[in-house]
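Below is one structure, written out as structure tokens, with a few remarks after it.
What you see below is based on every heavy atom in this structure, not just the backbone, and it leaves out hydrogens, waters and symmetry mates.
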Amino acid sequence: MFKDKLSLVPHLPGSYQMKNASGVIIYVGKAKDLHRRVSSYFNRTHTGKTAKMVSEIADFTYIVAGSETEAFIMEINLIKQYDPKYNILLKDDKSYPYIEYISKPFPKLKVSRYLNIKKKDNKKLFGPYPNAYAARKIVNLLNRLYPLKKCDGNPKKVCLYYHIGECLGYCEKKLDQEKLIQMEKDILSFLNGNDKILTDKIKEKINTYSETLNFEMALELKKELDYISVVLDKQKVELHDLLNRDIIGFFFDKGYISTQIFFLRNGKLVGGTTDIFPVISEAIDEIETYILNFYSRHEIPKEILMSQELNQEVIGTILKTKCIYPTRGPKKKLLDMAELNAKINLENELELTLKDEYKTEQANEDLKEILKLPVLDRIDLFDNSNLFGDFSVSGMVVFKNGRPAKNEYRKYKISIDKNDDYNTMKEVIYRRYYRALLEKTELPDLIIVDGGINQINACKSVLEDLNLKIKVCGLRKNDKHRTNDLLDGTTYEEIQILKDSNVFHYLTRMQDEVHRYTISYHRTIRSKGSISSILDNIEGIGSKRKKELIKHFGSVTKMEKSSLEELSKIIPMEIAQNLQRYLKARKESINNKE
């Protein structure tokens with residue numbers, strides 16, 4: 001089919017892009033030899049995901065690069081730009097917990113997560129840790145052993161922590177600078193790998209509690225010491241330096257790659273991460289792309305140990321770090337352990353992964369057939385939420401090829417100040433797709449609105465004005481707030497779907513997700529809703545009375561708890577009655593919603 005065009009592809013490094021019949025890029029790859037790689041899709045038999053991708057190719061383009069390094073960078077940038085359907089391995093949105101030490105204005109420890117590695121700059125971060133539990137356990141223990149600031153805000157008086165010696169009295173600035181400096185030195189020393197400091201401190205505290213006959217606290221700290229000792233023993237490795245390094249192992253079988261990345265920090269094995277994903281191109285190319293994508297989101301260590309099959313020079317140049325293949329010694333043992341774990345993980349998880357992929361993709365395929373759509377790669381779902389006419393919001397979630405694409409989710413604060421589902425839906429649909437047309441971003445194959453004919457008509461009205469032809473359906477819930485009916489937006493007929501089918505479970509999952517996302521945003525907006533915006537709804541309360549109420553009460557909660565007499569001291573009785581009625585109705589509405 002592409003014989004003439006393939007003959008023109010050069011034997012040079014670069015990136016290639018596969019397109020479907022609609023001209024949408026469905027896969028981006030890179031190659032040392034573009035001619036050989038692109039031709040391989042059309043001159044041999046494929047299976048699995050590769051075969052499915054090839055069946056959808058209607059055209060291809062390519063960009064020649066000056067070097068293999070340039071081809072790598074080009075591929076990553078194009079994948080981020082187009083988010084192609086078959087580059088599924090590049091959709092990792094995991095974040096890992098770190099312990100963050102904050103020195104100013106007061107010393108404090110907290111567990112932090114960062115998806116964007118640029119946000120980690122100039123912060124004292126230690127980790128990543130295998131899970132948030134392990135990180136919180138250490139933070140809680142350090143808070144017990146050292147007088148760090150434990151409360152939020154800045155209270156006027158010292159609290160119980162000060163009186164029991166677990167705080168230096170930061171709120172009254174009763175600070176012992178020598179203690180402060182020594183405490184920071186100890187904590188940073190431990191987080192940088194000096195375990196003895198912490199274990200000695202725990203033993204010292206145990207002795208103190210024992211001498212004062214506080215055996216309960218002594219026993220509790222003994223358990224903490226045992227836990228820390230077990231954790232530290234598990235983390236021990238044979239390397240005698242304190243260099244931060246990662247070890248990357250992988251295993252390829254039956255069209256799938258399993259990866260295992262170990263994190264070594266300050267000479268300790270603090271955790272790791274695993275992934276399994278299908279291969280579309282060459283296995284080595286896929287794993288190299290995976291590595292670059294992984295480190296575009298996560299901390300880049302000083303050294304990475306990896307297989308000799310991978311291009312250490314190119315990866316090291318792009319990541320600006322040292323990439324090596326160890327041939328012997330403890331480093332080689334660590335790499336062998338990572339590769340063994342990758343192999344075991346694939347053997348244990350492959351069957352479950354294949355079943356999950358089949359059920360998800362088949363449900364999406366079945367929905368496509370039910371709705372008689374030529375393509376169903378992307379679904380946009382919308383839900384609205386408001387509270388007593390206040391804080392109207394909408395949420396949009398996106399499912400691509402049967403899976404949530406969380407980086408595509410969007411939140412909308414609605415300008416309408418009343419309970420009006422029809423116009424709320426019109427506003428959010430207009431804002432979403434007018435912007436999509438302006439910015440020429442990807443449009444969905446299907447729009448699902450949470451609701452019935454009213455919401456469908458609102459959506460269709462805007463799409464017609466924008467001259468967009470996108471299939472619209474509505475999902476209605478029953479009186480128990482469970483997914484019940486799928487309405488065809490063209491015929492307005494209820495589409496019969498078996499309640500125990502994969503398609504019905506798929507629709508339920510999507511509706512639950514958009515509802516969860518929208519309600520979560522609504523609660524955030526509501527919690528941030530200022531007193532001022534609430535008082536704007538009360539007739540007779542202008543800017544002067546608003547300021548007086550805020551100054552006297554300080555919060556909506558205090559106003560709700562205040563008697564009519566207390567309110568009438570600030571505002572006239574009639575207006576106080578209106579305010580009290582409004583706050584009562586608002587509270588009842590919140591309770592009913594939740």
Side-chain angles (χ1 to χ4, degrees), residues 1-91 250-259 275-293 306-315 318 342 346 350 353-354 357 361 377 401:
M1 182 168 77
F2 299 109
K3 187 175 180 181
D4 292 338
K5 191 171 183 178
L6 285 169
S7 67
L8 300 174
V9 181
H11 292 274
L12 294 170
S15 173
Y16 58 93
Q17 305 85 45
M18 300 302 189
K19 298 181 178 181
N20 65 13
S22 302
V24 175
I25 293 176
I26 58 174
Y27 183 73
V28 171
K30 61 132 177 32
K32 298 176 188 177
D33 186 320
L34 280 170
H35 182 89
R36 188 162 43 188
R37 176 59 50 76
V38 175
S39 298
S40 70
Y41 288 101
F42 308 105
N43 60 16
R44 66 175 73 164
T45 302
H46 299 284
T47 57
K49 288 274 185 175
T50 309
K52 194 170 188 305
M53 189 271 288
V54 170
S55 71
E56 294 182 29
I57 297 173
D59 193 12
F60 68 85
T61 55
Y62 58 89
I63 304 170
V64 174
S67 66
E68 194 180 344
T69 302
E70 282 183 21
F72 257 107
I73 296 169
M74 194 183 294
E75 179 198 30
I76 292 294
N77 289 335
L78 287 171
I79 290 170
K80 287 179 180 176
Q81 181 180 348
Y82 294 109
D83 192 18
K85 172 180 178 179
Y86 286 101
N87 288 95
I88 57 172
L89 72 162
L90 292 167
K91 295 175 183 174
F250 68 91
F251 182 74
F252 170 67
D253 189 32
K254 297 178 182 176
Y256 280 78
I257 289 177
S258 170
T259 63
D275 269 307
I276 295 176
F277 50 85
V279 173
I280 304 296
S281 181
E282 297 293 325
I284 295 301
D285 283 350
E286 297 278 25
I287 187 64
E288 288 175 342
T289 302
Y290 170 85
I291 290 169
L292 292 182
N293 176 69
M306 59 177 62
S307 167
Q308 62 180 337
E309 297 176 78
L310 301 173
N311 195 325
Q312 293 128 45
E313 185 181 351
V314 171
I315 295 171
I318 296 172
L346 185 64
L350 184 57
T353 301
L354 291 171
E357 282 199 355
E361 292 177 7
D377 290 340
N401 308 301

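Across every non-hydrogen atom of M74 and V64, the tightest pair is CE-O, 4.1 Å. Residue A71 comes nearest to A65 through the heavy atom pair N-CB, 3.6 Å, listed as atom of the first residue, atom of the second, then distance. Nearest heavy-atom pair, I280 versus E286, reported as atom, atom and distance to 0.1 Å: N-OE2, 2.7 Å. Here the shortest heavy-atom pairing between A342 and S258 reads O-OG, 2.7 Å. Nearest approach of S40 to H46, heavy atoms of both residues: O-NE2, 3.1 Å. The heavy-atom pair separating V38 from F42 by the smallest distance is O-CD1, 3.3 Å.
We find the CG-CD1 distance between L292 and I287 to be 10.5 Å, quoted to the nearest 0.5 Å. Between F251 atom CZ and L350 atom CG the span is 10.0 Å, to the nearest 0.5 Å. Distance check, rounded to the nearest 0.5 Å: CZ of R44 to OG of S39 gives 9.5 Å. Residue D59 holds its CG atom at 12.5 Å from OG of S22, rounded to the nearest 0.5 Å. A distance of 8.5 Å separates CE in M18 from OG in S281, rounded to the nearest 0.5 Å.
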Step by step, would you call I63 with L78 a side-chain contact (heavy atoms from CB on, under 4.5 Å)? CA-CA 11 Å; I63 304 170; L78 287 171; 4.1 Å; yes
Hey, mind stepping through R37 and E282 against side-chain contact (heavy atoms from CB on, under 4.5 Å) and telling me if it holds? CA-CA 9 Å; R37 176 59 50 76; E282 297 293 325; 3.0 Å; yes
Verify side-chain contact (heavy atoms from CB on, under 4.5 Å) between F250 and I284, making sure each step is shown before the conclusion. CA-CA 10 Å; F250 68 91; I284 295 301; 3.8 Å; yes
Can M306 and I315 be said to form a side-chain contact (heavy atoms from CB on, under 4.5 Å), step by step? CA-CA 10 Å; M306 59 177 62; I315 295 171; 4.0 Å; yes
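Side-chain atoms of T289 and N87, non-hydrogen and from C-beta on, never get closer than 4.5 Å to each other.
In this view, F252 and I257, V279, A283 satisfy the side chain to side chain contact (heavy atoms under 4.5 Å, CB included) rule, not counting sequence neighbours. Among residues two or more places apart in sequence or in another chain, the side-chain hydrogen bond (donor to acceptor under 3.5 Å, both in side chains) test is passed with Y256 by E357. Residues that satisfy the side-chain hydrogen bond (donor to acceptor under 3.5 Å, both in side chains) test with T69, not counting sequence neighbours, are absent from this structure. In this view, E313 satisfies the salt bridge (charged side-chain N to carboxylate O under 4.0 Å, His left out) rule with no residue, not counting sequence neighbours. The side-chain hydrogen bond (donor to acceptor under 3.5 Å, both in side chains) search around Q17 returns S15, T61, not counting sequence neighbours. For V9, the side chain to side chain contact (heavy atoms under 4.5 Å, CB included) partners at least two apart in sequence or on another chain are L34, H35, F60, Y62. Scored by the salt bridge (charged side-chain N to carboxylate O under 4.0 Å, His left out) test, K80 finds no partners at all (sequence neighbours excluded). When the side-chain hydrogen bond (donor to acceptor under 3.5 Å, both in side chains) test is applied to K254, no partner is found at least two apart in sequence or on another chain.
The residues K52 and E361 are annotated as not salt-bridged, no charged nitrogen and carboxylate oxygen being separated by less than 4.0 angstrom.
Residue pairs meeting the salt bridge (Lys or Arg N to Asp or Glu O under 4.0 Å) criterion with at least one partner in residues 21-30, sequence neighbours excluded, are K30-D285, K30-E288. Residue pairs that meet the salt bridge (Lys or Arg N to Asp or Glu O under 4.0 Å) test with at least one member in residues 15-29, sequence neighbours left out, do not exist here.
Distance alone, capped at 3.5 Å, places no donor-acceptor pair between the E68 side chain and the P13 backbone.
For Y41 and Y16, the ring centers are positioned less than 6.0 Å apart.
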